[in-house]
Amino acid sequence: MTPPSIAGTAEAGVPEKTDEPRVLEHAYDGIREYDNPLPGWWRAIFWMTIVFAAGYWVWFHVGGWGNMPDAKYRVALAEYTEQKGQREAAEARDVSEESLARMAHDPKAVEHGQAIFASRCVSCHTEDGHGLIGPNLTDRYQLHGTTRMDIFKTIRGGVSGTAMLAWGEQMPASDIVNVAAFVTTLRGKDIPGKEPQGQPVEPFK
């Protein structure tokens, strides 16, 4: 004899529960689809991404409360430029035409500058300085300025739009001074090489 609860369910037309997945009524080209809903955690993440995207759009693009990457870059660049200017000003106070002239007559300083020059500068100026990509440093012409300090500033700050790097960003200030002192000793050696560039100058004394 069938229990009353089961009998009542069958008579009411309610389908019995089974382990088989339910097939939806619609079909596309004869293909039927199971009723297999996504897991709850997946749907929760989906809705969270929509809410996050809406909040992001309001925060950065509507309200303007957040800083976009380009704004952060401008702030960082301004801070870097300010610090660079302060550093260069401090270095300039310690370096002068007279101090470079003294170092050019200091064998140890010149030797140290020559060693750095040989490791960093020969690809553009060659080992003896007669020029390749960069100008000939041994002739009686100077491309950027005329003084020892101009040479120092060119080495330290580079030349925009050319292969001359800003070595002050890669080497200590003391190394820049030594290289500048060495380069000043090359002028007037007149080693044949790259054609003259810049304005005529006299060898340093």
Side-chain angles (χ1 to χ4, degrees), residues 66-205:
N67 290 327
M68 297 296 290
D70 57 340
K72 293 181 180 179
Y73 170 77
R74 287 194 296 268
V75 172
L77 180 61
E79 292 177 354
Y80 168 78
T81 303
E82 181 180 0
Q83 294 174 359
K84 179 182 178 183
Q86 294 173 353
R87 184 175 67 251
E88 291 179 351
E91 292 175 358
R93 287 194 298 268
D94 299 330
V95 182
S96 65
E97 195 76 13
E98 293 74 21
S99 66
L100 288 173
R102 287 195 301 270
M103 294 192 69
H105 292 86
D106 182 346
K108 290 185 177 179
V110 172
E111 182 181 359
H112 183 54
Q114 184 177 10
I116 298 172
F117 185 91
S119 65
R120 302 269 189 165
C121 309
V122 296
S123 60
C124 291
H125 296 285
T126 70
E127 189 169 355
D128 60 8
H130 71 256
L132 188 61
I133 299 173
N136 188 338
L137 302 176
T138 70
D139 60 17
R140 298 165 191 249
Y141 289 82
Q142 188 165 326
L143 184 56
H144 305 289
T146 60
T147 67
R148 293 180 175 89
M149 282 299 294
D150 290 327
I151 293 175
F152 169 76
K153 291 176 181 177
T154 299
I155 297 172
R156 182 189 62 189
V159 180
S160 179
T162 72
M164 183 61 193
L165 302 177
W167 289 107
E169 299 178 358
Q170 304 185 38
M171 294 193 300
S174 58
D175 287 353
I176 300 296
V177 173
N178 288 326
V179 173
F182 166 71
V183 171
T184 63
T185 66
L186 298 178
R187 182 191 288 180
K189 290 187 175 181
D190 297 318
I191 300 175
K194 196 172 183 180
E195 69 281 357
Q197 294 176 280
Q199 50 188 322
V201 290
E202 291 297 323
F204 293 117
K205 296 180 180 180

With a 3.5 Å cut-off and sequence neighbours excluded, list the donor-acceptor pairs that the side chains of residues 103-116 form with protein atoms.
| unit_1 | atom_1 | unit_2 | atom_2 | d |
| --- | --- | --- | --- | --- |
| His105 | ND1 | Ala101 | O | 2.9 |
| Asp106 | OD1 | Lys108 | N | 3.1 |
| His112 | NE2 | Asp175 | OD1 | 3.0 |

Only distances under 3.5 Å count here; give the side-chain donor-acceptor pairs of residues 121-131 to other protein atoms, sequence neighbours excluded, each with its distance to 0.1 Å.
| unit_1 | atom_1 | unit_2 | atom_2 | d |
| --- | --- | --- | --- | --- |
| His125 | ND1 | Pro135 | O | 3.2 |
| Thr126 | OG1 | Asp128 | OD1 | 3.0 |
| Thr126 | OG1 | Gly129 | N | 3.4 |
| Thr126 | OG1 | His130 | N | 3.1 |
| Thr126 | OG1 | His130 | ND1 | 3.2 |
| Asp128 | OD1 | His130 | N | 3.2 |
| Asp128 | OD1 | His130 | ND1 | 2.6 |
| Asp128 | OD2 | His130 | ND1 | 3.3 |

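Between Ile191 and Thr138 the shortest heavy-atom distance is N-OG1, 3.0 Å. Considering every non-hydrogen atom in both Thr146 and Gln199, the closest pair reads CG2-NE2, 3.4 Å. When all heavy atoms of Pro203 and Arg140 are compared, the pair lying nearest together is CG-NH1, 3.4 Å. Closest approach of Ile133 and Ala163 over heavy atoms only: CG2-CB, 4.1 Å.
Without hydrogens or angle criteria, Glu97 side chain to Arg148 main chain gives a donor-acceptor distance under 3.5 Å.
Atom CE of Met164 and atom NE2 of His144 lie 8.0 Å apart (nearest 0.5 Å). The CG atom of Leu100 sits 10.5 Å away from the CG atom of Asp150 when rounded to the nearest 0.5 Å. Here the OH atom belonging to Tyr141 is positioned 15.0 Å from the NZ atom belonging to Lys194, to the nearest 0.5 angstrom. Interatomic distance, Ile176 CD1 to Thr154 OG1, rounded to the nearest 0.5 Å: 11.5 Å.
Pairs of residues two or more places apart, or lying in two chains, that qualify as ring-ring contact (aromatic ring centres under 6.0 Å, His included) and include a residue from residues 179-205 are Phe117-Phe182.
Few gaps surround CD on Glu195; more than 12 heavy atoms of other groups in view lie less than 6.0 Å from it.
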> Taking it one step at a time, do Thr184 and Ile151 satisfy side chain to side chain contact (heavy atoms under 4.5 Å, CB included)?
Replying inline: CA-CA 8 Å; Thr184 63; Ile151 293 175; 4.0 Å; yes
